[in-house]
Engineer: 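Just passing along the structure, written as structure tokens.
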Amino acid sequence: MRIDRYLAASRMGSRSEVKDLIRKGLVYVNGAACKDCSFQVDPQDEVCLNGQKIRYAEHVYYMLNKPAGYVSATEDLREKTVLDLFPEKIRKGLFPAGRLDKDSVGLLLLTDDGELAHRLMSPKHHVDKRYLIRTDAPLTDDDVRAFAEGIVLSDGTRFKSAGLDISEDDPSKAVVTISEGKFHQIKRMVESRCNKVRYLKRLSVGPLMLDPKLEEGMYRELTDEETRLLRTI
Ligand code: URA
């Protein structure tokens with residue numbers, strides 16, 4: 001994490017105030033003066049301001065545009081995990097808050113904040129998640145009604161009411177909104193309608209939207225505003 005963000009997150013001032021403090025040479029990292037606002041530190045580093053050690057209390061939050069071919073796990077014996085997309089220094093303590101299938105792409109939040117992750121994933125909190133899907137066959141108004149009513153599979157699995165917003169230009173393309181996160185949920189919902197998902201991209205989780213500037217495989221820290229919005233869940 002950048003030193004200016006570290007200090008702002010540790011409530012040492014606004015981002016511009018802490019930048020001034022850094023440029024004035026008042027900040028030391030592991031005993032060495034640090035005048036570079038973009039210098040990378042991690043929670044294990046000793047950061048001092050005006051000779052006083054800063055206690056770092058905040059968590060870290062990253063938005064990843066997950067590419068296909070990676071599993072949403074911290075380790076796996078055979079597969080590449082989403083953590084492999086982060087450098088070793090950042091990786092410590094991070095885990096994916098939620099899951100996307102290996103072949104799915106799009107928004108994945110990675111954090112070391114267990115409490116927030118629990119809230120995001122808990123079925124009690126009904127956090128809406130939006131996905132762009134492409135299907136083999138065109139989607140229909142009957143599919144829209146079935147999704148809205150909630151789907152029950154032949155094995156008794158129940159999926160709550162979901163939104164299906166079919167593209168006007170291409171009926172094999174739609175935005176699905178679900179509030180649960182059951183295993184392969186959208187694929188199974190679509191299969192129950194005798195169709196098949198061939199592309200699935202998560203666009204948003206609650207108030208957090210995938211940054212369109214983030215290429216697949218790239219990540220960035222959440223802004224203070226995005227972190228604040230997530231805490232409202
Ligand atoms: N539903 C699925 O079927 N797969 C995902 O990756 C996410 C939601």
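Quick note: residue numbers are just sequence positions, from 1.
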Engineer: Does F39 form a side chain to side chain contact (heavy atoms under 4.5 Å, CB included) with V27? I'd like the steps, not just the answer.
Structural biologist: CA-CA 11 Å; F39 187 79; V27 175; over 6 Å; no
Engineer: Tell me the closest heavy-atom pair linking T223 and E226, and the distance in Å.
Structural biologist: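 Answer, listing the atom of T223 first, then E226: N-OE1, 2.9 Å.
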Engineer: Tell me, with the steps shown, if L85 and L64 meet side chain to side chain contact (heavy atoms under 4.5 Å, CB included).
Structural biologist: CA-CA 9 Å; L85 296 160; L64 168 71; 4.0 Å; yes
Engineer: Under 3.5 Å, side-chain donor or acceptor atoms of residues 109-123 against the rest of the protein: list the pairs with distances, not counting sequence neighbours.
Structural biologist:
from, atom 1, to, atom 2, distance (Å)
T111, OG1, V60, O, 2.8
T111, OG1, D113, N, 2.9
D112, OD1, H59, ND1, 3.1
D112, OD1, V60, N, 2.9
D113, OD1, E115, N, 3.2
D113, OD1, L116, N, 3.1
D113, OD2, Y61, OH, 2.4
R119, NE, I233, O, 3.0
S122, OG, K124, N, 3.0
S122, OG, H125, ND1, 3.4

Engineer: So do K66 and V105 actually touch side chain to side chain, heavy atoms under 4.5 Å?
Structural biologist: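 The answer is no; the side chains never approach within 4.5 Å.
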Engineer: Would you say D101 and H184 make side-chain contact, with heavy atoms under 4.5 Å?
Structural biologist: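 Yes, their side chains come closer than 4.5 Å.
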Engineer: Please tell me whether L132 and L210 are part of a single hydrophobic cluster in this structure, the criterion being side-chain heavy atoms less than 4.5 Å apart.
Structural biologist: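 Cluster IDs for L132 and L210 differ.
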Engineer: Quick one: does V127's side chain get under 4.5 Å of V205's, heavy atoms only?
Structural biologist: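 Yes, side chains in contact.
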Engineer: Under 4.5 Å between any side-chain heavy atoms of R145 and L164, yes or no?
Structural biologist: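 No, their side chains stay 4.5 Å or more apart.
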Engineer: P67 and E216: which non-hydrogen atoms are nearest, and at how many Å?
Structural biologist: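 Looking at all heavy atoms of both residues, the shortest contact is CA-OE1, 4.0 Å.
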Engineer: For residues L100 and K201, determine if any side-chain heavy atom of one lies less than 4.5 Å from a side-chain heavy atom of the other.
Structural biologist: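 They are not in contact (no side-chain heavy atoms under 4.5 Å apart), so the answer is no.
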Engineer: Are the side chains of R202 and L108 in touch, meaning some heavy atoms are under 4.5 Å apart?
Structural biologist: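 Result yes, sub-4.5 Å side-chain heavy-atom pair found.
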Engineer: Before you tell me yes or no, could you show the steps for R15 and R2 under side chain to side chain contact (heavy atoms under 4.5 Å, CB included), namely the whole-Å CA-CA distance, both residues' side-chain angles and the distance that decides it to 0.1 Å?
Structural biologist: CA-CA 11 Å; R15 197 77 170 256; R2 288 169 59 112; 3.9 Å; yes
Engineer: Which heavy atom in I3 sits nearest to a heavy atom in C34, and how many Å separate them?
Structural biologist: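 Reported closest heavy-atom pair: CG2-SG, 4.2 Å.
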Engineer: I186 and L153: same hydrophobic cluster, using ILVMFWY side-chain contacts below 4.5 Å?
Structural biologist: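 I186 clusters together with L153.
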Engineer: May I have all residue pairs that pass side chain to side chain donor-acceptor pair (under 3.5 Å) and include part of residues 191-200, sequence neighbours excluded?
Structural biologist: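 Listed by first then second residue: D143-R193.
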Engineer: Ignoring hydrogens and angles, tell me if any N or O in the side chain of D155 forms a donor-acceptor pair with the backbone of T157 under 3.5 Å.
Structural biologist: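 Such a contact is found between D155 side chain and T157 backbone.
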Engineer: Within a 6.0 Å radius of atom CD on Q44, are there more than 12 heavy atoms belonging to other residues, nucleotides or ligands?
Structural biologist: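 Yes, the 6.0 Å shell around CD holds more than 12 heavy atoms from other groups.
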Engineer: The test is side chain to side chain donor-acceptor pair (under 3.5 Å); show your working for D142 and T140 and say whether it passes.
Structural biologist: CA-CA 5 Å; D142 281 346; T140 65; 5.0 Å; no
Engineer: Less than 4.5 Å apart, any side-chain heavy atom of L49 and any of L21?
Structural biologist: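 They are in contact (side-chain heavy atoms under 4.5 Å apart), so the answer is yes.
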Engineer: Might you point out which heavy atoms bring M189 and A162 nearest each other, and give the distance in Å?
Structural biologist: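 Scanning both residues completely, I find the closest heavy atoms to be CE-CB, 3.6 Å.
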Engineer: Let's go through F183 and R99 carefully: what are the C-alpha distance in whole Å and the side-chain angles of both, what is the deciding distance for side chain to side chain contact (heavy atoms under 4.5 Å, CB included) to 0.1 Å, and is it a yes or a no?
Structural biologist: CA-CA 9 Å; F183 187 59; R99 190 177 52 201; 3.7 Å; yes
Engineer: According to a 4.5 Å side-chain heavy-atom criterion applied to Ile, Leu, Val, Met, Phe, Trp and Tyr, with indirect links allowed, do V41 and I22 form part of one hydrophobic cluster?
Structural biologist: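 Same cluster.
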Engineer: Determine whether V18 and Y6 make a side-chain contact, defined as any pair of heavy atoms from C-beta on separated by less than 4.5 Å.
Structural biologist: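 A side-chain contact is absent here, since even the closest heavy-atom pair is not under 4.5 Å.
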Engineer: Using the rule that two of Ile, Leu, Val, Met, Phe, Trp, Tyr join whenever any of their side-chain heavy atoms come within less than 4.5 Å, decide whether V82 and L200 are in one cluster.
Structural biologist: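 Yes, V82 connects to L200 through the hydrophobic network.
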Engineer: Counting N and O atoms only, with roles assigned by atom type, does the side chain of S161 sit under 3.5 Å from a partner on the main chain of A148, one being a donor and the other an acceptor?
Structural biologist: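 Indeed, once roles are kept as given, a pair shorter than 3.5 Å links the two residues.
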Engineer: Please give me the minimum heavy-atom distance between T177 and R130, naming the atom from each residue.
Structural biologist: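 Closest approach of T177 to R130, heavy atoms only: OG1-CG, 3.5 Å.
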Engineer: Only pairs at least two apart or in different chains count here, so list each side chain to side chain donor-acceptor pair (under 3.5 Å) that has a residue in residues 33-42.
Structural biologist: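 Non-adjacent pairs meeting side chain to side chain donor-acceptor pair (under 3.5 Å): D36-S38.
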Engineer: Taking only residues two or more places apart in sequence or in another chain, which ones pass side chain to side chain contact (heavy atoms under 4.5 Å, CB included) with D211?
Structural biologist: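 Listed in chain order: M63, K213, L214, R220.
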Engineer: Please collect all ring pair (Phe, Tyr, Trp, His ring centres under 6.0 Å) contacts where either partner lies in residues 86-113, sequence neighbours excluded, each pair once.
Structural biologist: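 Sorted result for residues 86-113: Y62-F86, F86-Y219.
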Engineer: Using salt bridge (Lys or Arg N to Asp or Glu O under 4.0 Å), reason through D103 and K187 one step at a time and then give a plain yes or no.
Structural biologist: CA-CA 11 Å; D103 58 348; K187 289 176 184 160; 2.7 Å; yes
Engineer: Indicate every side-chain donor-acceptor pair of residues 165-176 with a distance under 3.5 Å to a residue at least two apart or in another chain.
Structural biologist:
from, atom 1, to, atom 2, distance (Å)
S167, OG, D169, N, 3.2
S167, OG, D170, N, 3.2
D170, OD1, S172, N, 2.9

Engineer: Counting N and O atoms only, with roles assigned by atom type, does the side chain of D20 sit under 3.5 Å from a partner on the main chain of E17, one being a donor and the other an acceptor?
Structural biologist: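 No.
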Engineer: For E225, does the CD atom sit with more than 12 other heavy atoms under 6.0 Å from it, leaving out its own atoms?
Structural biologist: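 Count over threshold, so yes.
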